[in-house]
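Small disclaimer: the values here were computed from a predicted structure and weren't measured. Every chain is numbered from 1 and lettered A, B, ... according to where its sequence line falls, protein lines coming before strand lines.
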Number of protein chains: 2
Amino acid sequence: MDSTAASESAPALPGGAAHVGPRVRALRTERGMSLSELARRASVGKATLSGLEAGTRNPTLDTLHAVAAALGVALTALVVGGGSPRIRGAAVDMELLRVFDDGPATYELYRMRIPAGAEQASPAHHPGVTEHATVFAGELQAGQLDAPGVAGPGAYLEWAADAPHGYAAVGPEDVHASLLIRYPT
Amino acid sequence: MDSTAASESAPALPGGAAHVGPRVRALRTERGMSLSELARRASVGKATLSGLEAGTRNPTLDTLHAVAAALGVALTALVVGGGSPRIRGAAVDMELLRVFDDGPATYELYRMRIPAGAEQASPAHHPGVTEHATVFAGELQAGQLDAPGVAGPGAYLEWAADAPHGYAAVGPEDVHASLLIRYPT
DNA sequence: CCCGACCGTTCCGTTTACGGAACGCCAGCG
DNA sequence: CGCTGGCGTTCCGTAAACGGAACGGTCGGG
């Protein structure tokens, strides 16, 4: 397992401060907000925010929380995939975002990425399992191997996963999508 | 549920260090691990961990990350719900899980809950905005006010959100669903 | 042309989170 | 019994994250 973990103070920690900085800066500029304004709204010092975005500081939970709230996003939105379980196949790179288990079924919500032109097959899962994808970017071909569907940005696709199935990025762009896997109880 | 969410304020510090402490302690004892052992594995001081679990400290991102790694969980598992912007309407309770902004559009992914029997309307959003729901539990009726769709567990529903639309839990159970809102650029 | 407003960075004194080393406590054991 | 080893908490000096106040740079208006 991994518990030979990053115990050291190596600055190259997977989800370390170096990664959250650019993320904050992106969310801020996306909203057309200046650093000073965000600092004001979050009630943190400009120095704090500047250092945070530059990755030269190691922010406290309070600081992160204040910034996330001022940006209107969940704290988890600032912590890019750092430490999220990641499943990397031949072509498909999936990151488990969340598990919902309080319904009559269990749902796993993934973010999926497939490089342009790549494809990958997956063996059958347990009976009754279905997969649901919403495409953000690119052209996704997915579903039963003999009868796949195709979906572009904004489109939705679903298929039974209790038979061999596959995923492919058929267009010239990388595919970005959300994938929801439903496991009936 | 407009995007003009409550950016400012954050009256008291919700989801602050007080919430992550018990969470860490739960995950640790769940694994039958002693405080000293976790501190050793995470390469943090026992004092740090003790104060963190007690909620008397305001841990840094490095500390949180080291502890999460030593517990073998994603950092997000330590801060679940804590500080997620929650949009609570008349009937619909939504929690923003994640924002995707690297495609040709921006996506906001929510978890949605509607008490059984309740309903709520939403005004039109900007042109081109669409909403996509996947139902986990209950019976969701949603879409254009004059032509809503209905979806049960495992089913999918989408509609244009640039016109007034609504959500309702029409069955005898609460509705749990994921809602993806797509904002074209 | 100068001036004021705002931007993002840097400097600085204060606050505080950090790890190490105590402490008291409770088993297990010779 | 005392001795030993591990537990969780507390104390303490140091390192660093914090907010406030500078700084230089860029606009836009008078």
Rounded to whole angstrom units, what separation is found between the CG atom of B/Leu49 and the P atom of C/dG19? 10 Å
Residues in side chain to side chain contact (heavy atoms under 4.5 Å, CB included) with A/Thr29, at least two apart? A/Arg25
Just N and O in the side chain of B/Arg28: are any of them under 4.0 Å from OP1 or OP2 of D/dC7? no
Minimal heavy-atom distance between B/Leu64 and B/Leu78, with the atoms involved, is O-CD1, 3.8 Å
Tell me whether the side-chain N/O atoms of B/Thr60 come closer than 4.0 Å to OP1 or OP2 in C/dC18. yes
Contacts of A/Thr134 meeting side chain to side chain donor-acceptor pair (under 3.5 Å) (sequence neighbours excluded), chain-then-number -> none
Mind calculating the distance between CG (A/Leu52) and P (D/dC18) to the nearest angstrom? 8 Å
Whole-Å gap separating P (C/dC18) and CG (A/Leu61): 11 Å
Which residues pass the side chain to side chain contact (heavy atoms under 4.5 Å, CB included) test with A/Ser43, sequence neighbours left out? none
Provide a list of protein-nucleic acid N or O atom pairs under 3.5 angstrom, restricted to nucleotides 9-12 of chain C.
residue, atom, partner, partner atom, Å
C/dT9, OP2, A/Ser50, OG, 2.9

Of all residues at least two apart in sequence or in a different chain, which pass the salt bridge (Lys or Arg N to Asp or Glu O under 4.0 Å) check with A/Glu131? none
Separation of D/dG8 P from B/Leu38 CG (nearest whole Å): 10 Å
By ring pair (Phe, Tyr, Trp, His ring centres under 6.0 Å), B/His132 pairs with (sequence neighbours left out) none
Go through the structure and list residues passing side chain to side chain contact (heavy atoms under 4.5 Å, CB included) with B/Ala160, not counting sequence neighbours. B/Gln144, B/Asp162
Would you kindly give the CG-to-P distance between A/Asn58 and C/dG19, to the nearest whole Å? 10 Å
Output all residues satisfying side chain to side chain contact (heavy atoms under 4.5 Å, CB included) with A/Ala47, sequence neighbours left out; order by chain, then residue number. A/Arg57
To the nearest angstrom, how far is A/Leu64 atom CG from C/dA17 atom P? 14 Å
Using five base pairs at each end, measure the axis-to-axis angle across the helix from C/dC1-D/dG30 to C/dG30-D/dC1 and round it to 10 degrees. 0°
